[in-house]
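Down below is the structure, laid out as structure tokens.
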2 protein chains.
Amino acid sequence: MTGRQQRADAQRNYERILEVARTVVEEQGTQASLRDIARRAEVGMGTLYRHFPTREALLEALLRQRFDTLAARAEELEGADDSREALRQWLREFLSRASAYRGLSSSMMTTIGDEDSALHASCSAMREAAGRLVKRAQDDGHIRPDIDGMDVFALVSAVGWIAEQGPVVAGRRDHLFSLVLDGLAAGAVSGRAPRSAD
Amino acid sequence: MTGRQQRADAQRNYERILEVARTVVEEQGTQASLRDIARRAEVGMGTLYRHFPTREALLEALLRQRFDTLAARAEELEGADDSREALRQWLREFLSRASAYRGLSSSMMTTIGDEDSALHASCSAMREAAGRLVKRAQDDGHIRPDIDGMDVFALVSAVGWIAEQGPVVAGRRDHLFSLVLDGLAAGAVSGRAPRSAD
DNA sequence: ACCTGAACACCGTTCAAGT
DNA sequence: ACCTGAACACCGTTCAAGT
């Protein structure tokens, strides 16, 4: 689809930018300087904007493959015997990927509500596949019934966010992941009705 | 302590800046433009920097009173009958305060590891008081024993973070808060040993 | 078609010059 | 003592001019 019948220099620039962006975003997170990326790719600012009209478009290009892989993995795990363990395993892999770039959890969460974002489109198929894993674990009685895929996605992304907040808390990532997962298990439901905090 | 024997104009500027900062940070979050604050306070940039050498120092001045109040509230709740409900109540109030400014959860979490930050100092007394509430609830068997105050603080801050990520998820704040709290209750412990995700 | 880089309107931070 | 605002080194975004 993309990349067909482009001029050779355009093709080359596209790839150079993507390659450099991967490095820079790894270093600086999703808020990395676009100017810096253009500079290090030895490309004019206009060229970067031509290929990636928004920051999200660039991030999406960086992540599309991972999202597709994770979506495929979710479909694969739908066939597993233990639906509880399948969900746990998928979320573990998702968390690992979400920890690739600082700020990624936030970018994903924010774009959930923005239909126009390239990240939204790219991410939603994956989220739906994950939602089916949640549903199956619920049908088997492993996950409390009063939650949905979005709750699970939000909480695991939140653990990813915590890990980004500094070395002191980063070391607790896996522990917190376990806490959250345990908390979503059926049987942990409290009898108290929640009331608003403010 | 502070505010003693200052020149009248200095005192006035300090208060003006703080007042304007409250409004601007409410609007724009903790990443608000310092230039904008100085401009709206009708004060030179140097004046802002003289009174608040770092962004955190300004934020701390904005929040000190709230932190003190929350710390006092925690000590008050230490005397409550139901230690489980006391913790829940305190965390509810904390979450409400943490939702005052966009980015505040992140600022608090990040400065936990930075001893030099004004926010760190201001926040730590409150965190310690909250830690005692957690400890008491654990001693009474209401909270699982394999966690500490930092875990609880991180997870509830994470819920605050989620609520900042857009209107779609913001509506789930109280629901997610309940999920997390239920998950920390004793008896929800899983039998599986956690392993690293990457 | 595509690329370049200057131009514009913003930042945060510092610091000489003023009162 | 304290205040001011220009100066500096950065941004993101746009767009006329080039090939």
Side-chain angles (χ1 to χ4, degrees), chain A residues 1-21 24-25 27-62 102-103 106-107 110-111 114 116-119, chain B residues 1-21 24-25 27-62 102-103 106-107 110-111 114 116-119:
Chain A
M1 206 81 123
T2 32
R4 260 193 328 160
Q5 283 169 323
Q6 291 180 94
R7 255 168 45 175
D9 55 344
Q11 176 83 30
R12 210 170 40 236
N13 281 333
Y14 180 90
E15 280 156 13
R16 278 185 68 84
I17 292 168
L18 219 51
E19 190 192 337
V20 170
V24 177
V25 172
E27 287 172 15
Q28 308 182 10
T30 60
Q31 292 309 309
S33 160
L34 298 180
R35 247 192 159 82
D36 195 23
I37 292 169
R39 220 158 22 216
R40 284 160 72 162
E42 289 172 315
V43 137
M45 282 303 295
T47 304
L48 191 150
Y49 271 88
R50 161 169 275 264
H51 288 293
F52 306 101
T54 67
R55 175 177 242 107
E56 266 114 33
L58 178 57
L59 204 55
E60 191 264 349
L62 241 39
R102 190 158 32 91
S106 181
S107 296
T110 308
T111 52
D114 180 10
D116 298 335
S117 161
L119 253 186
Chain B
M1 205 80 124
T2 32
R4 260 192 330 162
Q5 284 169 321
Q6 292 182 91
R7 256 168 44 174
D9 55 343
Q11 176 83 30
R12 212 170 38 237
N13 280 334
Y14 180 89
E15 281 157 13
R16 279 185 68 83
I17 292 167
L18 218 51
E19 190 193 336
V20 169
V24 176
V25 172
E27 288 171 13
Q28 308 182 10
T30 61
Q31 292 309 309
S33 160
L34 298 180
R35 247 192 160 83
D36 195 23
I37 292 170
R39 219 159 22 216
R40 284 160 73 162
E42 289 171 314
V43 137
M45 282 303 294
T47 304
L48 192 150
Y49 272 89
R50 161 168 273 264
H51 288 294
F52 306 101
T54 67
R55 173 176 243 108
E56 266 115 33
L58 178 57
L59 204 54
E60 191 265 350
L62 241 39
R102 190 158 31 91
S106 181
S107 297
T110 307
T111 51
D114 181 10
D116 298 336
S117 162
L119 253 186

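A, B, ... follow the sequence lines: proteins, then strands. Residue 1 opens every chain. Excluded from the calculations below are hydrogen atoms, water molecules and symmetry mates; all remaining heavy atoms, backbone and side chain alike, are included.
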**Residue-level proximity of residues 47-62 of chain B to DNA chain C when a heavy atom falls under 4.0 Å** = B/Tyr49, B/Arg55
**Request:** Grab the CE-P distance between B/Met45 and C/dC10 for me, whole Å please.
**Result:** 15 Å
Atom pairs under 3.5 Å, N or O on each side, protein against nucleotides 16-19 of chain C: can you list them with distances?
none

**Message:** Please report the distance, rounded to the nearest Å, between CD in A/Glu42 and P in C/dG5.
**Reply:** 11 Å
**Message:** According to side-chain hydrogen bond (donor to acceptor under 3.5 Å, both in side chains), who are the partners of B/Arg55, at least two apart in sequence or on a separate chain?
**Reply:** none
**Asked** Who passes salt bridge (Lys or Arg N to Asp or Glu O under 4.0 Å) against A/Arg39, sequence neighbours left out?
**Response** A/Asp36
Listing, residues 42-54 of chain A side-chain donor-acceptor contacts under 3.5 Å, not counting sequence neighbours, or none:
residue : atom : partner : partner atom : Å
A/Glu42 : OE1  : A/Arg16 : NH2          : 3.0
A/Thr54 : OG1  : A/Glu56 : N            : 3.4
A/Thr54 : OG1  : A/Ala57 : N            : 3.0

**Request:** Could you pull out all residues at least two apart from B/Glu15 that satisfy side chain to side chain contact (heavy atoms under 4.5 Å, CB included)?
**Result:** B/Gln11
**Item:** Partners passing side-chain hydrogen bond (donor to acceptor under 3.5 Å, both in side chains) against B/Ser117 (at least two apart in sequence or in another chain)
**Value:** none
**Asked** For A/Thr30, which residues count as a side chain to side chain contact (heavy atoms under 4.5 Å, CB included) partner, sequence neighbours excluded?
**Response** A/Leu59, A/Tyr101, A/Leu104, A/Ser107
**Message:** Under 4.0 Å, heavy atoms only, any strand: does B/Ala8 hit a base, just the sugar-phosphate, or nothing?
**Reply:** nothing
**Asked** Does A/Asn13 make a side-chain N or O approach to OP1 or OP2 of C/dC2 shorter than 4.0 Å?
**Response** no
**Prompt:** From C/dT4, C/dC3, D/dC2, pick the nucleotide closest to the side chain of A/Asp9?
**Reply:** C/dC3
**Request:** Could you check which residues of residues 34-41 of chain B get a heavy atom under 4.0 Å from DNA chain C? Sort them by number, please.
**Result:** B/Leu34, B/Arg35, B/Arg39
**Item:** Residues in side-chain hydrogen bond (donor to acceptor under 3.5 Å, both in side chains) contact with A/Asp9, at least two apart in sequence or another chain
**Value:** A/Arg7
**Prompt:** Given atom CD1 of A/Ile17 and atom C1' of C/dC3, what is their separation to the nearest angstrom?
**Reply:** 10 Å
**Asked** Paired stems touching DNA chain D, three or more consecutive Watson-Crick or G-U pairs with both distances under 3.5 Å?
**Response** C:4-8 with D:12-16, C:12-16 with D:4-8
**Prompt:** Rounded to the nearest 0.5 Å, how far does CD of B/Gln31 lie from CD of A/Gln31?
**Reply:** 9.5 Å
**Among C/dG12, D/dG12, D/dC3, the one nearest A/Ser33 by side-chain distance** = D/dG12
**Nearest heavy atoms of A/Glu27 and A/Arg102, plus distance in Å** = O-NH2, 3.4 Å
**Complete:** Residues at least two apart in sequence or cross-chain that pass salt bridge (Lys or Arg N to Asp or Glu O under 4.0 Å) with B/Glu19, listed by chain then number, are none
**Asked** Nearest heavy-atom pair of A/Leu18 and A/Ala61: which atoms, and what distance?
**Response** CD1-CB, 3.6 Å
**Prompt:** Between B/Val25 and B/Leu58, does a side-chain contact (heavy atoms from CB on, under 4.5 Å) hold up when you go through it step by step?
**Reply:** CA-CA 10 Å; B/Val25 172; B/Leu58 178 57; 5.7 Å; no
